[in-house]
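Below is one structure, written out as structure tokens; the observations come after it.
Here is the naming used below: chain letters follow the sequence lines, and residue numbers restart at 1 for every chain.
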There are 2 protein chains.
Amino acid sequence: MRRPQRDESLYHQLADLLRGRIQRGEYGPGSTLPTERELSRLHKVSVATVRRALAVLRGEGLIRTARGEPSTVRTAPHRAEIPAQFGSRLISRMPSTIERAEFGIEVGVPLIEIRHAGGRVDVLAADRVEIIWPDPTSA
Amino acid sequence: MRRPQRDESLYHQLADLLRGRIQRGEYGPGSTLPTERELSRLHKVSVATVRRALAVLRGEGLIRTARGEPSTVRTAPHRAEIPAQFGSRLISRMPSTIERAEFGIEVGVPLIEIRHAGGRVDVLAADRVEIIWPDPTSA
DNA sequence: CCGGATTTGTACGTATGTATT
DNA sequence: GAATACATACGTACAAATCCG
């Protein structure tokens, strides 16, 4: 990697580099990244710096890391098309650790809250849905 | 803090504790948290562990941290009510570091992409908007 | 306005734990 | 069981931004 300061931080530089490779498909969906030790050796930064870079990508929902297994590029799950209903309101925010466990949301994935007119609230993992608004005149 | 292992990790325990205090209003919106050194001393964990706990809360959009200033509880910004339009599609995901800079999105805040029927794409910071579907029958 | 003190950010290292292969 | 790989936890040193007298 490059210089210690005055530029961007090392871990951001490394995160940018890896993000680019993922987005260009050089690390395709489902494929494994080099191990932390290998990335450390390849880019001449400490393992701690590699981990910070990976944490950035994990927070962006781009990779998945787990104990004992190499980090992998996340495959975009199929998005269910959810038709919105009249009178409903939608907000999106990051879930807490507890909400992630409760609703089965992965790291780096936002939460979508839909408050319906009747008072019911739907909570959805944002990476599994696409909210659509069908045009009634086309029916 | 409690035990080193076999329970939840120290930094998660500390994050849970601080999140509770924020949600109960003991640390109100805009107020400053104790410094990292203070939290370290108070909870008998290393500063590194405190920093990991704060990183969790930052990722959830609950606090804001910056060099030279104490960490603060984020105040929920006003949400503009955005009326949805027929034929549009909405997804939410985490922005990359680059997108955060480009669209002025803070850390821990998702991005909302609205693809309109005409082809135009709106990109919004999720913490500033609420998407509404007005009931046409009520007009 | 200056300079020191304070506070968070970056970078590295070491040791150990735990899950997977 | 052994080897591999990521996770946790502690520590050190220095940089950079802010705060305050």
Side-chain angles (χ1 to χ4, degrees), chain A residues 1-18 27 30-74 97 100-101 106-108, chain B residues 1-18 27 30-74 97 100-101 106-108:
Chain A
M1 231 52 250
R2 233 71 68 64
R3 15 240 174 75
Q5 2 245 110
R6 194 59 287 178
D7 225 342
E8 213 181 357
S9 59
L10 290 178
Y11 77 92
H12 270 131
Q13 288 180 46
L14 179 54
D16 290 347
L17 187 154
L18 294 174
Y27 294 132
S31 68
T32 68
L33 295 180
T35 69
E36 294 177 349
R37 273 187 59 81
E38 236 176 325
L39 288 171
S40 165
R41 186 173 51 75
L42 288 171
H43 300 285
K44 311 233 187 309
V45 295
S46 71
V47 174
T49 298
V50 169
R51 287 183 60 73
R52 297 194 65 177
L54 295 181
V56 169
L57 303 181
R58 201 182 334 144
E60 295 175 3
L62 290 179
I63 66 171
R64 179 183 169 282
T65 69
R67 261 181 185 146
E69 13 180 351
S71 304
T72 58
V73 178
R74 285 193 44 198
T97 313
R100 282 219 320 276
E106 292 188 70
V107 178
Chain B
M1 244 25 265
R2 233 70 69 63
R3 15 242 174 72
Q5 4 245 113
R6 193 59 286 179
D7 226 342
E8 215 181 352
S9 60
L10 289 177
Y11 78 92
H12 270 131
Q13 287 180 47
L14 180 54
D16 290 347
L17 187 153
L18 294 175
Y27 294 132
S31 68
T32 67
L33 294 180
T35 69
E36 295 177 348
R37 274 187 58 82
E38 235 175 326
L39 288 171
S40 165
R41 186 174 50 75
L42 288 171
H43 300 285
K44 311 231 189 309
V45 294
S46 70
V47 173
T49 298
V50 170
R51 287 183 60 73
R52 298 195 65 178
L54 295 181
V56 169
L57 302 180
R58 203 177 24 209
E60 294 175 3
L62 290 179
I63 67 171
R64 179 183 171 283
T65 68
R67 252 179 192 152
E69 17 183 348
S71 303
T72 57
V73 178
R74 285 195 40 200
T97 312
R100 282 219 322 275
E106 291 189 70
V107 178

Polar atoms only, N or O, under 3.5 Å: list the protein pairs with nucleotides 5-7 of chain D and their distances.
| residue | atom | partner | partner atom | Å |
| --- | --- | --- | --- | --- |
| D:dC6 | OP2 | A:E36 | N | 3.1 |
| D:dC6 | O3' | A:A66 | O | 3.4 |
| D:dA7 | OP1 | A:T65 | OG1 | 2.9 |
| D:dA7 | OP2 | A:R51 | NH1 | 2.7 |
| D:dA7 | OP2 | A:R51 | NH2 | 3.1 |
| D:dA7 | O4' | A:R67 | NE | 3.1 |

inquiry  = Can you tell me how far apart OG1 (A:T32) and CD (A:E69) are? Round to the nearest 0.5 Å.
reply    = 11.0 Å
B:Q13 side chain vs B:E8 backbone, donor-acceptor pair below 3.5 Å = yes
ask   = Given atom NE2 of B:H43 and atom P of D:dA9, what is their separation to the nearest angstrom?
value = 14 Å
ask   = Under the side chain to side chain donor-acceptor pair (under 3.5 Å) rule, what pairs show up with a residue in residues 53-68 of chain A, not counting sequence neighbours?
value = A:R19-A:E60, A:R58-A:T65, A:E60-B:T97
inquiry  = Distance check, rounded to the nearest 0.5 Å: A:H43 atom NE2 versus A:L10 atom CG?
reply    = 11.5 Å
inquiry  = I'd like to know if the side chain of A:S40 reaches the main chain of A:V45, judged simply by a donor and an acceptor atom lying under 3.5 Å from each other, with no hydrogens or angles considered.
reply    = yes
message = Let's go through B:L18 and B:L62 carefully: what are the C-alpha distance in whole Å and the side-chain angles of both, what is the deciding distance for side chain to side chain contact (heavy atoms under 4.5 Å, CB included) to 0.1 Å, and is it a yes or a no?
response = CA-CA 10 Å; B:L18 294 175; B:L62 290 179; over 6 Å; no
ask   = Atom CZ of B:R41 and atom P of D:dC10: how far apart are they, to the nearest Å?
value = 16 Å
query = Could you state the CD-C1' distance from A:E8 to D:dA15, rounded to the nearest angstrom?
reply = 16 Å
ask   = Taking atom P of D:dA9 as reference, at what distance in whole Å does atom CG of B:L39 sit?
value = 16 Å
